[in-house]
Amino acid sequence: MSAAPPPPTPKHIVRSHGAQVNVVCFSDDNERILSGDATGVVVVTSTRSLRALANWKAHTDGILGLQEFEEQIITHGRDNKLHVWRRIFEPSRSLGGSAALPGLQTPQLCYSLDVNALNFCRLALLPLPPEARADDRHALIAVPNLVESSYADIWTLPGKQRLHAAIGKEGQTSSASDGRDVRNAIGIIMSMHLMSAPHPHAAGRSRLRLLCAYENGSVTMREYTREDKEVSIEGMGWDVLWTVKHHVESVMAMAVSKDSSFALTVSADHLIGRYNLADAERPETREAACTVYRTKHPGNACVAMRDDGRVCAVGGWDGRVRLYSTKSFKPLGTLSYHKKNCQSVAFARSQLQSLPREAAGGGDEEEDEMSEDEKEERARWLVSGGQDNRVAIWSLIEFGKT
């Protein structure tokens, strides 16, 4: 009888942080890993050399959200600020400032936005297609409302215009029939995802949708339906398409598949919620479309999905990362390294094969030393950030059909 294979170990450990790592992500070309910690420090690590390209104090409080967009980095902090930085990663002397390590450059701050960071809800970014862009509008970004954390606002980038204010307010009375405050009943927004959906009646047009997960364990999809006004206030024009409550505890994190077909939520409880976004719109199929899976592991802090939507990773308060099939929720393996809470997980981009080398971040020929096999292996990476101040890089197997 053959012995069981040894448990997987990380490919590499990033030890650049001196505080709890709150968020990790990959750049779209898989060339960089971005991580942000509880003191506001952001580290950018090369996936080729596994060395830091940049290390700077982006915020005066912890990092909530972190994302690359085109040639910029968006950081969202607990200091009620959202900063947009110009990406500068050529190895050279530091541009100065005590926040930068010797030999590393600090990205240049382009502009900032005042936000409400009372809750731990991170930004939701929607890049616009080329035909919908203007000089002051390359993307839309959703964040909690400036005043009330159970509502959401949508802003333009780089124009910083608030298009929609207090989404979620319309349709809510200040109190229920028994006198309870409705806002207190659902609690604050814990996670959001901003997307567009085809217009139901006009070919070639789309409508904005916002998926929100709340403190009371519920998930709600809204759509902006007004045709006469692009700007809204007090949540007017945002219709609720559906609301489902699966969790008995607050939703801690939500992930939406790359094709926006379904979403997953995790919580302090032992449940994983799965929501088929199209079928959830129809009352007759909603119950089957929004299901819950019972795991053996309560206390989950984060969730991420692979680009093809077949595999998800759930980070737990026990420090472990558990992999599941998103179809059957069959366990696919457990990654054990972090000694304390796993705060964030992210899969590498897996659909880069069709991109030209320039679009995939390829540099000069002499610098492009990775073989195709190495790039394919890198596309199977997963990163996890923990309360132990570490970022673990894992190389996963293909898993085949799940």
Side-chain angles (χ1 to χ4, degrees), residues 124 150 152 167-168 170-173 176-178 180 182-200 207-225 235 238-300 302-306 308-314 322-332 401-402:
S150 62
I167 298 168
E170 187 183 52
Q172 281 193 10
T173 55
S177 57
D178 59 1
R180 292 178 297 112
V182 173
R183 289 170 298 180
N184 290 339
I186 63 171
I188 61 178
I189 299 175
M190 301 297 290
S191 184
M192 290 187 290
H193 183 81
L194 184 61
M195 67 186 86
S196 62
H199 195 287
R207 282 179 169 176
L208 276 182
R209 288 188 176 182
L210 184 65
L211 186 66
C212 294
Y214 290 94
E215 192 177 11
N216 74 335
S218 67
V219 175
T220 299
M221 176 72 85
R222 293 182 176 86
E223 181 178 73
Y224 188 61
T225 58
W238 284 87
D239 295 344
V240 173
L241 299 183
W242 53 268
T243 297
V244 171
K245 185 178 183 298
H246 278 325
H247 294 284
V248 296
E249 302 282 353
S250 300
V251 174
M252 298 303 296
M254 177 172 65
V256 177
S257 62
K258 193 174 179 67
D259 63 2
S260 296
S261 62
F262 70 99
L264 301 177
T265 55
V266 296
S267 170
D269 55 35
H270 64 291
L271 308 175
I272 300 177
R274 191 185 194 280
Y275 313 82
N276 183 316
L277 301 185
D279 291 345
E281 295 179 39
R282 298 187 293 274
E284 64 273 17
T285 58
R286 185 170 302 152
E287 184 174 350
C290 299
T291 52
V292 66
Y293 296 87
R294 289 168 173 80
T295 72
K296 299 178 181 179
H297 310 286
N300 298 302
C302 52
V303 61
M305 264 190 276
R306 205 169 66 178
D308 62 7
R310 293 181 177 180
V311 178
C312 72
V314 176
R322 295 178 174 87
L323 304 171
Y324 298 94
S325 159
T326 59
K327 184 177 181 180
S328 65
F329 281 87
K330 171 187 174 183
L332 301 176
K401 293 185 178 180
T402 58

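Rounding to the nearest 0.5 Å gives a distance of 13.0 Å between CE of Met192 and OG1 of Thr220. Here the straight-line distance linking atom NZ of Lys258 with atom CZ of Arg306 works out to 13.5 Å at 0.5 Å rounding. Atoms OH and CD1, on Tyr214 and Ile188 in that order, are 11.5 Å from each other to the nearest 0.5 Å. To the nearest 0.5 Å, atoms CG (Asp239) and CD (Glu223) are separated by 7.5 Å. Atom CD1 of Ile167 sits about 5.5 Å away from atom CG of Leu210, to the nearest 0.5 Å. Here Arg274 contributes atom CZ and Lys327 contributes atom NZ; the two are 9.5 Å apart, rounded to the nearest 0.5 Å.
Not a single donor-acceptor pair under 3.5 Å links the side chain of Ser267 to the backbone N or O of Met252. A donor-acceptor pair under 3.5 Å is formed between the side chain of Lys245 and the backbone N or O of His247. Using modelled atom types, no side-chain atom of Thr326 and backbone atom of Cys312 make a donor-acceptor pair closer than 3.5 Å. Thr285 places a side-chain N or O within 3.5 Å of a backbone atom of Asp279 that can act as its donor or acceptor partner.
Looking at Arg222 and Leu241, their side chains never come closer than 4.5 Å, going by heavy atoms from C-beta outward. Residues Leu211 and Leu277 are in side-chain contact: their nearest non-hydrogen atoms beyond the backbone lie under 4.5 Å apart.
Taking all atoms of both residues into account, the shortest heavy-atom contact from Ala253 to Cys302 is CB-CA, 3.7 Å. Across all their heavy atoms, Met190 and Glu215 have their closest contact at CG-N, 3.6 Å. Heavy-atom minimum distance, Gly187 versus Ser150: O-CB, 3.2 Å. Heavy-atom minimum distance, Ala213 versus Val251: CB-CG1, 3.5 Å. In plain terms, the two heavy atoms of Pro331 and Tyr324 that are nearest each other are CA-CD2, 4.0 Å. Closest heavy-atom contact between Leu208 and Leu194: CD2-CD1, 4.3 Å.
In this pair, Phe329 and Tyr293 present their aromatic rings parallel. The plane angle is below 30°, not in the 30 to 60° band.
Partner Met221 forms a side-chain contact (heavy atoms from CB on, under 4.5 Å) with one of His193, Glu281, Arg209 and no other, that one being Arg209.
For residues 251-275, every residue pair satisfying the ring pair (Phe, Tyr, Trp, His ring centres under 6.0 Å) rule, not counting sequence neighbours, is listed here: His246-Tyr275.
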